[in-house]
Amino acid sequence: MLPYATIGEAEAALNRTLTVAETLWFNYSKDKSDYFLYCHNIIFLFVIFSIVPLPVAAAELLRSSGFDRYKIQPKIKLSSSEMFACYKNVTKLFFLIIGPLQLVSYPAVKFIGVRTGLPLPSAWEILMQLIVYFVVEDYLNYWMHRWLHSKWGYEKIHNVHHEYTAPIGFAAPYAHWAEILLLGIPSFLGPAMVPGHMITLWLWIALRQIEAIDTHSGYDLPWTPTKYIPFYGGAEYHDYHHYVGGQSQSNFASVFTYCDYIYGTDKVSL
C-alpha cells in the first residue's frame with residue numbers, strides 16, 4: 001500500500017510531478033495492500049490461459065485449408081471435446097495447485113524485495129529486468145527439463161506433459177503437479193536475483209505464459225513476432241520435442257536455443 005494519501009503528497013516526496021503512468025498507478029493502488037496487488041497474478045494467469053490459445057484452436061477446429069498449411073503435424077487434429085477436456089484438466093490444476101501456490105508464495109516475493117510503490121520503473125529498466133528473467137529461467141529450466149527426461153523423471157513426472165505428442169496451446173501448462181512446482185523455481189529465480197516492481201513481475205508472469213502457449217501452439221505461423229527474436233525456439237522447435245516424446249534427448253529449450261546448441265542437444269525441427 002502506498003504511504004501517500006494524496007497525489008500532492010506523492011509529488012512532494014518525489015520532488016517532481018507524477019507521470020501519467022504513475023498517476024494511474026497511484027489512483028489504482030493507493031488503498032490496496034501489496035498482497036492484493038500480488039494476487040492479480042492469479043487472474044492474469046487464468047485469463048491468459050483461457051483466451052490466448054483460442055484463435056489458433058478455433059482455426060484448427062474450422063479446418064481452414066489456408067491455415068492448415070502452417071500446422072506442424074498436420075495428420076494430428078484434436079476435436080473440440082478433446083480440447084475442452086485439456087482445458088478442464090488444466091483448470092483443475094490451476095485451482096488446486098497454481099492458484100494456491102500463488103497465494104502462499106507472497107512472503108517470498110516480499111522477502112526478495114519486489115516493491116509496489118513510487119516511482120515506477122522506466123521502460124528501459126523493465127526491459128533489462130525482463131531479459132534477465134528470461135535468460136535465468138531459460139538456463140535453469142533447460143537442466144531441469146533434461147533431468148525430467150531421465151528414466152525416473154519421465155516415468156514418474158514428465159510423461160503427463162508428453163501425453164500430447166502434437167501440442168496445443170491449452171496443453172502448455174498441462175503437467176504433473178510435481179512438475180508445476182519444480183518448474184516454478186526457475187520462474188522465481190530471476191526476480192529473486194534482480195527484484196523489480198510489481199508491474200514488472202506481472203509482465204514477467206504474463207509474457208512467460210504467453211510464450212509457453214505460443215511454443216505449444218502446434219503451428220509455425222510466419223507472422224509470429226517472436227520469429228524476429230534471436231535464438232528463440234518457437235513452436236516448430238518445441239514440436240519436435242513432443243513428437244519424439246519420452247525418447248527425446250534434444251530441444252529441451254524453454255525459450256531460447258542457446259543451451260541446446262552449447263550442450264549439443266539441438267535438432268531444428270521435424
Side-chain angles (χ1 to χ4, degrees), residues 1-2 21-22 25 29 33-45 48 97-148 153 157-158 172-173 175 177-215 226 229-234 238 251-263 265-266:
M1 187 177 294
L2 295 179
E22 288 172 334
W25 178 252
S29 66
S33 70
D34 291 354
Y35 179 67
F36 180 80
L37 293 171
Y38 173 68
C39 288
H40 283 47
N41 276 327
I42 300 174
I43 300 171
F44 296 152
L45 282 170
I48 289 169
I97 304 295
I98 300 172
L101 182 63
Q102 289 285 317
L103 291 172
V104 302
S105 61
Y106 174 72
V109 170
K110 191 71 174 176
F111 175 77
I112 65 175
V114 173
R115 63 185 184 87
T116 60
L118 296 172
L120 293 183
S122 66
W124 180 251
E125 179 183 343
I126 292 173
L127 177 62
M128 290 298 100
Q129 288 177 330
L130 288 174
I131 290 174
V132 171
Y133 298 171
F134 270 107
V135 172
V136 169
E137 192 270 351
D138 195 63
Y139 186 81
L140 184 56
N141 187 291
Y142 171 85
W143 288 106
M144 296 184 77
H145 194 180
R146 283 191 68 167
W147 175 78
L148 286 169
I157 301 174
H158 196 48
W177 64 267
E179 181 170 343
I180 293 173
L181 296 179
L182 284 171
L183 296 185
I185 297 172
S187 296
F188 180 76
L189 186 59
M193 293 172 62
V194 188
H197 197 275
M198 186 66 72
I199 290 176
T200 309
L201 185 66
W202 287 351
L203 284 170
W204 161 234
I205 297 299
L207 289 172
R208 183 62 184 88
Q209 178 79 342
I210 292 170
E211 184 280 328
I213 292 169
D214 172 64
T215 299
T226 49
I229 300 176
F231 304 108
Y232 183 79
H238 192 67
N251 293 28
F252 294 110
S254 169
V255 180
F256 305 109
T257 60
Y258 69 94
C259 280
D260 278 313
Y261 178 77
I262 292 172
Y263 300 110
T265 55
D266 59 314

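As a basis for the values below, the full set of heavy atoms in this structure was taken, side chains included, without hydrogen atoms, waters or symmetry mates.
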Worksheet item: When you measure from the side chain of Asp260 to the backbone N and O of Ala253, does any donor-acceptor pair fall under 3.5 Å?
Response: yes
Worksheet item: Quick one: OH on Tyr38 to CG on Leu103, what's the gap to the nearest 0.5 Å?
Response: 8.5 Å
Response to the item:
To the nearest 0.5 Å, atom CD1 of Ile98 lies from atom CG of Asn41 at 12.0 Å
Practice prompt. Flag the pair Pro121 / Ile199 as yes when at least one side-chain heavy-atom distance between them is below 4.5 Å, and no otherwise.
Written response: no
Worksheet item: Which residues satisfy the salt bridge (Lys or Arg N to Asp or Glu O under 4.0 Å) test with Glu179, sequence neighbours excluded?
Response: none
Practice prompt. Any pair with a residue in residues 194-208 that passes side-chain hydrogen bond (donor to acceptor under 3.5 Å, both in side chains), sequence neighbours left out, goes on the list, sorted by first then second residue, please.
Written response: Glu137-Arg208, Arg208-Glu211, Arg208-Ser254
Worksheet item: What residues form a side-chain hydrogen bond (donor to acceptor under 3.5 Å, both in side chains) with Ser29, not counting sequence neighbours?
Response: Trp25
Worksheet item: How many angstroms lie between atom CG of Leu130 and atom CG of Leu203, to the nearest 0.5 angstrom?
Response: 6.0 Å
Fill in: Contacts of Phe231 that satisfy ring pair (Phe, Tyr, Trp, His ring centres under 6.0 Å) - sequence neighbours left out
none
Worksheet item: How many angstroms lie between CD1 in Ile205 and CD in Gln102, if you round to the nearest 0.5 Å?
Response: 6.0 Å
Worksheet item: How far does OG1 of Thr215 sit from CG of Asn251, to the nearest 0.5 angstrom?
Response: 11.5 Å
Worksheet item: Of the non-hydrogen atoms in His158 and Leu148, which two are nearest, and what is the gap between them?
Response: CB-O, 3.4 Å
Worksheet item: So do the side chains of His40 and Leu37 get within less than 4.5 Å of each other, counting heavy atoms only?
Response: yes
Worksheet entry | Side-chain heavy atoms of Val132 within contact of Met193, under 4.5 Å | no
Worksheet item: Angle class for the Trp143/Tyr139 ring planes (parallel below 30°, perpendicular above 60°, tilted otherwise)?
Response: perpendicular
Fill in: side-chain hydrogen bond (donor to acceptor under 3.5 Å, both in side chains) involving Gln209 - partner list, sequence neighbours excluded
none
Practice prompt. Kindly state whether the ring of Tyr263 and the ring of Phe252 have centres lying under 6.0 angstrom apart.
Written response: no
Discussion item. On a heavy-atom basis, which atom in Ala212 and which in Ala172 lie closest, and how many Å separate them?
Written reply: O-CB, 3.6 Å
Worksheet entry | Verdict with reasoning, Leu140 to Phe188, per side-chain contact (heavy atoms from CB on, under 4.5 Å) | CA-CA 11 Å; Leu140 184 56; Phe188 180 76; over 6 Å; no
Practice prompt. Please confirm whether the backbone N or O of Thr257 pairs with a side-chain atom of Tyr142, one donor and one acceptor, at under 3.5 Å?
Written response: no
Worksheet item: Between atom CD1 of Ile48 and atom CD1 of Ile210, what is the distance when rounded to the nearest 0.5 Å?
Response: 4.5 Å
Practice prompt. Could you name each residue pair satisfying side-chain hydrogen bond (donor to acceptor under 3.5 Å, both in side chains) that touches residues 116-126, not counting sequence neighbours?
Written response: Asp34-Thr116
Worksheet item: Counting distance only, does the side-chain N/O of Tyr133 pair as donor-acceptor with the main-chain N or O of Val194 below 3.5 Å?
Response: yes
